[in-house]
There are 2 protein chains.
Amino acid sequence: MTSRRGRPSQAVLTRERILLAGLALVDEDGLAAVSMRKLARRLGVDPMSLYNHVDGKDALLDGIAEVLVASIPVPPAKADLRETMSALAHGFRAAMLGHPRAAPLVLTRRLASLTALAPVEAVLAPLLAAGFPPERAVHGLRAVLAFLIGTLMREVEAAPTLGGSVQRVADLSAPAVAAAAPYLAVCDHEAEFEFGLRILLDALDAP
Amino acid sequence: MTSRRGRPSQAVLTRERILLAGLALVDEDGLAAVSMRKLARRLGVDPMSLYNHVDGKDALLDGIAEVLVASIPVPPAKADLRETMSALAHGFRAAMLGHPRAAPLVLTRRLASLTALAPVEAVLAPLLAAGFPPERAVHGLRAVLAFLIGTLMREVEAAPTLGGSVQRVADLSAPAVAAAAPYLAVCDHEAEFEFGLRILLDALDAP
DNA sequence: ACCTGAACACCGTTCAAGT
DNA sequence: ACCTGAACACCGTTCAAGT
């Protein structure tokens with residue numbers, strides 16, 4: 001049922017269709033498996049056709065990252081400072097954990113700043129409203145963001161849990177590691193997240 | 001001056017020689033430019049020869065990461081808690097900034113835990129000595145590590161500064177971003193690092 | 001035990017050609 | 001304006017062969 005538009009045939013390909021198919025490909029097969037050719041195959045199209053909508057493989061990955069960033073829920077501007085910060089952090093985390101294999105795209109690329117404008121505004125607005133000098137607000141934002149990025153890298157695949165095989169390898173050579181081994185062996189990501197986030201939000205609340 | 005060993009000719013290739021050449025290649029040309037073939041060329045050797053000492057490209061990258069981790073200076077076990085933590089954090093940062101293009105290998109891969117044993121011991125020992133219950137010591141370690149990873153990712157290339165082109169794009173649509181624009185536009189990595197680290201170390205000192 | 005080189009199944013991207 | 005396909009210069013890795 002092609003509609004009554006004048007164009008010879010509706011474009012099969014769209015930047016959006018490509019990015020969504022790309023995200024699905026990453027979700028299914030992982031980042032390392034992404035290739036222009038495979039993505040084209042999935043879309044039933046010649047590999048070169050993708051280049052009409054996307055600037056190359058790197059731009060494709062940036063685009064997928066932007067899709068992910070755009071999916072971060074931004075809480076209503078009203079609520080109180082701590083609640084807002086916490087809601088944003090949890091929303092960011094949930095968005096990343098919803099696509100664990102694609103999350104490194106967001107966590108390890110410098111995106112065009114406009115992509116993250118809404119969430120950044122949502123963080124800065126209550127900080128400024130609470131009387132924070134802008135410089136300190138930016139410091140706070142960046143400290144929390146660094147923690148989020150580090151934590152999520154760990155949750156998502158990369159970055160050491162320090163868990164692995166610490167078992168009883170360590171003894172005389174590393175007595176403290178041996179003593180803490182049971183806690184190093186497991187990692188409750190949820191608890192680690194709340195623990196670190198509370199420290200940072202407490203520090204921002206304080207002054 | 002080949003020495004008097006019985007072997008027909010000393011091995012030209014060593015795992016260590018390969019890893020160091022790999023690190024140099026990353027330093028010069030960046031991570032994306034690393035290939036087994038290019039590394040072999042640099043060593044004056046057939047590409048396939050590398051496979052006698054290294055398990056493949058991924059294992060090569062792990063090996064380079066381990067070289068970097070091994071270069072983290074571990075402070076003497078004595079000093080006081082806060083001083084030790086701070087020294088380790090600064091040492092970690094300095095080691096990564098010494099090889100900014102290779103740093104993501106450390107920051108984004110799950111290394112065999114034994115690699116990081118010495119630094120982890122150096123963090124946990126003073127925490128336990130100060131009376132921290134081991135579970136809390138591990139939480140503290142992980143929170144600081146997450147912050148370090150996130151901060152260094154930002155310093156080193158990846159992860160948003162939020163600086164970019166926020167200039168005056170934002171106005172009515174994002175008044176808080178507009179108000180903080182001058183501080184978003186620049187990023188004093190040193191200051192951000194100290195700011196966040198102090199918050200975390202203060203929180204660990206407290207109880 | 002280590003090194004080699006040909007071969008295989010892939011890549012990203014340029015370019016000229018089609019509609 | 002969009003899509004195509006051949007071609008180019010690369011990849012990582014297997015395998016059989018050399019010493």
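In this structure, the side chains of B:Leu50 and B:Leu43 come closer than 4.5 Å at one or more pairs of heavy atoms. Taking the side chain as every heavy atom from C-beta outward, A:Arg198 and A:Arg82 approach each other to under 4.5 Å.
For the pair A:Glu66 and A:Arg109, the salt-bridge criterion is not met [side-chain N within less than 4.0 Å of a carboxylate O].
Spacing between atom CE of B:Met48 and atom C1' of C:dA1 amounts to 18 Å, rounded to whole angstrom units. If you take CG of A:Leu50 and C1' of C:dC11, they are 14 Å apart, rounded to a whole angstrom. The CG atom of A:Asp46 sits 14 Å away from the C1' atom of C:dT19 (whole-angstrom rounding). Atom CG in A:Leu43 sits roughly 15 Å away from atom C1' in D:dC2 (whole-Å rounding). Separating the CG atom of B:Leu60 from the C1' atom of D:dT13 is a distance of 14 Å, rounded to the nearest angstrom. Taking atom CZ on B:Arg15 and atom C1' on C:dC3, their separation rounds to 19 Å, with Å as the unit. Between B:Ile18 atom CD1 and C:dC3 atom P the separation is 8 Å, expressed in whole Å. Straight-line distance from the CG atom of B:Leu39 to the C1' atom of D:dG12: 13 Å, rounded to whole Å.
Within 6.0 Å of the CG atom in A:Asp27, the count of heavy atoms belonging to other residues, nucleotides or ligands exceeds 12.
Dashed line: the shortest gap from a side-chain N or O of A:Ser49 to OP1 or OP2 of D:dT4 is under 4.0 Å. Remark: B:His53 is not in phosphate contact with C:dA1, judged by side-chain N or O atoms under 4.0 Å from OP1 or OP2.
Ring to ring, B:Tyr183 and A:His139 are not that close: their centroids are 6.0 angstrom or more apart.
Among the nucleotides D:dT4, C:dG12, D:dT13, the one closest to the side chain of A:Asn52 is D:dT4. Closest contact between the side chain of B:Ser35 and the listed nucleotides C:dG12, D:dC15, D:dG12 involves D:dG12. When each of C:dG12, D:dC3, D:dC11 is scored by its nearest atom to the side-chain atoms of A:Arg37, the top-ranked nucleotide is C:dG12. In this structure, of C:dT13, C:dC3, D:dT13, it is D:dT13 that holds the atom nearest to the side chain of B:Lys57.
The nucleotide C:dT14 finds its pairing partner in D:dA6, both defining distances of the Watson-Crick or G-U wobble pair being shorter than 3.5 Å.
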